[in-house]
2 protein chains.
Amino acid sequence: MQKYSKQTRLLLAVDCIIFGFDGDTLKILLIKRSFEPQKDNWSLMGGFVQPKESLDQAANRILKQLTELQGVYLEQLHTFGNTKRDPIERTVSVTYFALIDINKYQTQLSKDYHAEWFPLKRVPKLIFDQQEMVEAAKKRIRYKAAMHPILFELLPGKFTLPQLQTLYESVFNTPIDKRNFSKRVLATGLLIKQNDKDKAGSKRGAYYYQLNMQNYYAKFQAFMNFIPNPDSLLH
Amino acid sequence: MQKYSKQTRLLLAVDCIIFGFDGDTLKILLIKRSFEPQKDNWSLMGGFVQPKESLDQAANRILKQLTELQGVYLEQLHTFGNTKRDPIERTVSVTYFALIDINKYQTQLSKDYHAEWFPLKRVPKLIFDQQEMVEAAKKRIRYKAAMHPILFELLPGKFTLPQLQTLYESVFNTPIDKRNFSKRVLATGLLIKQNDKDKAGSKRGAYYYQLNMQNYYAKFQAFMNFIPNPDSLLH
DNA sequence: TTTATTTGTGTATTGAGTACACAAATAAAA
DNA sequence: TTTTATTTGTGTACTCAATACACAAATAAA
């Protein structure tokens with residue numbers, strides 16, 4: 001079945017940048033690499049693309065391997081192919097970024113991989129060109145979140161407006177006026193107010209909201225400004 | 001040097017979606033495939049990634065092979081990796097899209113490849129999953145052009161406002177009010193009015209403009225609305 | 001019962017986007 | 001040479017969205 005016989009074949013890997021939000025800070029999940037080269041150094045979760053799986057399948061497999069999660073938000077980011085990025089043998093890496101509800105992540109599962117969550121501002125030194133991958137992912141999540149409601153993927157099914165606002169403030173690293181924020185967000189028609197409150201986060205308690213999934217899917221591609229002055233915040 | 005010895009290696013290709021604007025219609029450049037499978041069918045310009053070149057280098061090489069052009073706008077689009085996309089042997093394809101000034105393209109060069117420009121609305125049947133690649137490129141160029149001034153890459157160094165407007169109308173397939181368009185575009189500070197006019201396009205003649213390159217590079221990443229109601233036009 | 005903390009809400013102002021029409025230039029035709 | 005046809009270039013009023021800004025309500029903890 002090999003008919004392009006004169007061509008060189010290359011190793012192909014998938015690396016995942018996995019985002020999570022702990023209610024205060026945007027974080028990514030890293031593992032301690034279990035094999036050489038760079039054994040025991042911090043690294044993205046990744047793996048080689050297998051002969052019978054597509055890239056998307058590989059990314060989902062790799063994500064599941066570490067988190068046991070399926071059906072989460074996963075998007076292809078960029079493909080990195082410098083000839084010397086892996087010193088052992090040329091490997092081209094297709095990166096994906098994932099947005100998961102950090103509460104669904106079982107800490108226990110990460111033991112095999114010695115995984116840990118790191119705040120985006122304190123990411124340790126990573127192997128190969130993975131620093132660059134994380135930078136690209138950071139840029140992309142901001143870019144996309146400035147106009148599309150992807151950040152809900154980081155929250156549990158029920159969340160409060162203060163939680164949502166903290167998330168946006170954390171991703172864009174800027175304070176937002178809460179009156180304008182709630183006006184803006186509620187105006188999208190994406191949220192349904194619940195009758196119960198989250199009593200844990202504050203004395204007074206804050207009403208829960210849920211996504212209106214119908215509107216969410218319908219409007220996902222539309223441009224929506226969730227934050228003031230996106231221009232100045234993206235770089 | 002092969003130490004990941006148990007892993008399968010794959011063919012990796014680069015395919016280019018090359019956009020050009022003839023003053024009236026947005027087009028892409030296609031070639032007649034010169035080898036089996038699907039010999040003589042319409043196809044994107046592409047090629048295999050060579051052992052000693054990066055992906056960007058491969059894309060530039062392939063673009064130059066067909067157009068003799070260098071230093072043009074070239075951006076990685078998406079990587080396609082379904083296992084069966086190439087029936088002969090699994091090949092993963094990294095796609096790039098290019099924006100070129102169609103006037104700089106030497107028709108003669110295309111003879112070897114039997115290349116032809118096709119209006120985006122009348123793209124012929126393409127091999128493998130290239131239809132999908134073109135769709136992705138179309139979507140991306142619109143998405144990006146709605147907010148960043150990339151379409152200037154399709155025009156010659158000197159151009160008129162009516163030409164620019166026709167380009168936007170063609171890309172977004174919508175009529176635009178010219179008073180509002182010129183206000184919008186000139187407000188960006190990206191254009192420098194020249195003293196001479198293009199007499200070819202009309203009786204009265206239209207003033208030429210040139211890009212203010214300093215502002216262009218400085219503001220490239222900023223969000224700028226060039227078209228009314230981008231929402232409704234992107235899908 | 002007092003205090004401290006966090007939630008929830010409204011209004012006035014500014015600025016950007018939008019709709020809309022007519023005069024100026026000139027090549028081509030009469 | 002005059003007339004006609006075509007295309008360029010410009011201004012204003014209106015609407016709506018973005019923004020700045022402050023205080024009362026709720027309640028757990030002291």
Side-chain angles (χ1 to χ4, degrees), chain A residues 23-24 146-147 149 155 158-170 172 174-209 219 222-234, chain B residues 23-24 146-147 149 155 158-170 172 174-209 219 222-234:
Chain A
D24 180 54
M147 287 175 295
L155 294 173
K158 285 165 68 175
F159 52 86
T160 67
L161 286 185
Q163 280 166 13
L164 184 65
Q165 181 169 345
T166 306
L167 171 56
Y168 273 87
E169 291 178 332
S170 164
F172 291 98
T174 186
I176 304 176
D177 179 274
K178 69 177 168 176
R179 285 164 291 189
N180 294 337
F181 183 77
S182 78
K183 235 184 304 174
R184 227 181 248 265
V185 168
L186 295 175
T188 62
L190 251 45
L191 298 192
I192 304 169
K193 191 175 190 170
Q194 307 300 112
N195 290 320
D196 50 340
K197 286 184 167 187
D198 165 42
K199 296 281 193 179
S202 69
K203 290 171 182 172
R204 177 169 171 180
Y207 279 106
Y208 279 119
Y209 287 81
K219 295 187 178 179
F223 289 163
M224 293 186 274
N225 276 1
F226 275 87
I227 54 160
N229 292 321
D231 267 21
S232 58
L233 301 172
L234 288 174
Chain B
D24 181 55
M147 286 175 297
L155 293 173
K158 286 165 66 176
F159 51 85
T160 67
L161 287 185
Q163 280 166 11
L164 185 64
Q165 181 170 345
T166 306
L167 172 56
Y168 273 88
E169 290 179 331
S170 163
F172 291 99
T174 186
I176 305 176
D177 180 273
K178 70 178 168 174
R179 286 164 291 190
N180 294 337
F181 183 77
S182 77
K183 235 185 304 174
R184 228 181 246 265
V185 168
L186 295 175
T188 63
L190 253 43
L191 298 192
I192 304 169
K193 191 174 188 172
Q194 307 300 112
N195 290 320
D196 51 339
K197 287 184 166 184
D198 165 41
K199 296 283 194 176
S202 70
K203 289 171 180 170
R204 177 169 170 181
Y207 280 105
Y208 280 118
Y209 286 82
K219 296 189 178 176
F223 289 163
M224 293 186 274
N225 277 359
F226 276 87
I227 53 161
N229 292 319
D231 268 23
S232 56
L233 301 172
L234 288 174

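Note that this is a predicted model, so its numbers are computed, not measured. Convention: sequence-line order gives letters A, B, ...; per-chain numbering from 1.
Counting only heavy atoms from C-beta on, Asn180(B) has its side chain closest to dA19(C) among dA18(D), dA19(C), dG10(C). Across dT9(C), dC20(C), dG9(D), the shortest atom-to-atom separation from the side chain of Ser182(A) is found for dT9(C).
In this structure, Ser170(B) contributes its side chain and Thr166(B) its backbone to no donor-acceptor pair below 3.5 Å.
Side-chain N/O atoms of Lys183(A) and base N/O atoms of dT11(C) include a donor-acceptor pair closer than 3.5 Å. Donor-acceptor pairing under 3.5 Å, judged by distance alone, is absent between the side chain of Asn225(B) and the base of dA16(C).
The environment of OH in Tyr168(A) is crowded: more than 12 heavy-atom neighbours from other residues, nucleotides or ligands sit within 6.0 Å.
Between Arg184(B) atom CZ and dT10(D) atom C1' the separation is 17 Å, expressed in whole Å. Phe223(A) has its CZ atom 14 Å from the P atom of dG17(C), to the nearest Å. dG8(C) atom P lies 12 Å from atom CG of Leu164(A), rounded to whole Å. Spacing between atom NZ of Lys178(B) and atom P of dC20(C) amounts to 16 Å, rounded to whole angstrom units. Counting to the nearest Å, the P atom of dG8(C) and the CD atom of Gln194(A) are 13 Å from each other. Atom P of nucleotide dT10(D) and atom CZ of Arg179(B) are separated by 13 Å, given to the nearest angstrom. One atom, OH of Tyr207(B), and another, P of dA24(C), lie 15 Å apart when rounded to the nearest Å. For Met224(B) and dG17(C), the CE to P distance is 12 Å, given to the nearest whole Å.
When each of Ser202(A) and Lys203(B) is assigned the nucleotide of DNA chain C bearing its nearest heavy atom, the one mapping closer to the 5' terminus is Ser202(A). Both Lys197(B) and Gly205(A) sit near DNA chain D, but only Lys197(B) has its closest nucleotide nearer the 5' end.
Heavy atoms of Lys199(B) sit under 4.0 angstrom from primed sugar atoms or phosphate atoms, though from no base atom.
Using a 4.5 Å heavy-atom threshold, the side chains of Pro149(A) and Lys219(A) count as separate. In this structure the side chain of Leu161(A) never reaches within 4.5 angstrom of the side chain of Tyr207(A), judged on heavy atoms.
Pairing for dA29(D) goes to dT2(C), judged as Watson-Crick or G-U wobble with the two contacts each under 3.5 Å. Both distances falling under 3.5 Å, in either a Watson-Crick or a G-U wobble arrangement, place dT2(D) opposite dA29(C).
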**OP:** Could you walk me through whether Phe181(A) and Glu169(A) pass the side chain to side chain contact (heavy atoms under 4.5 Å, CB included) test, one step at a time?
**Re:** CA-CA 11 Å; Phe181(A) 183 77; Glu169(A) 291 178 332; over 6 Å; no
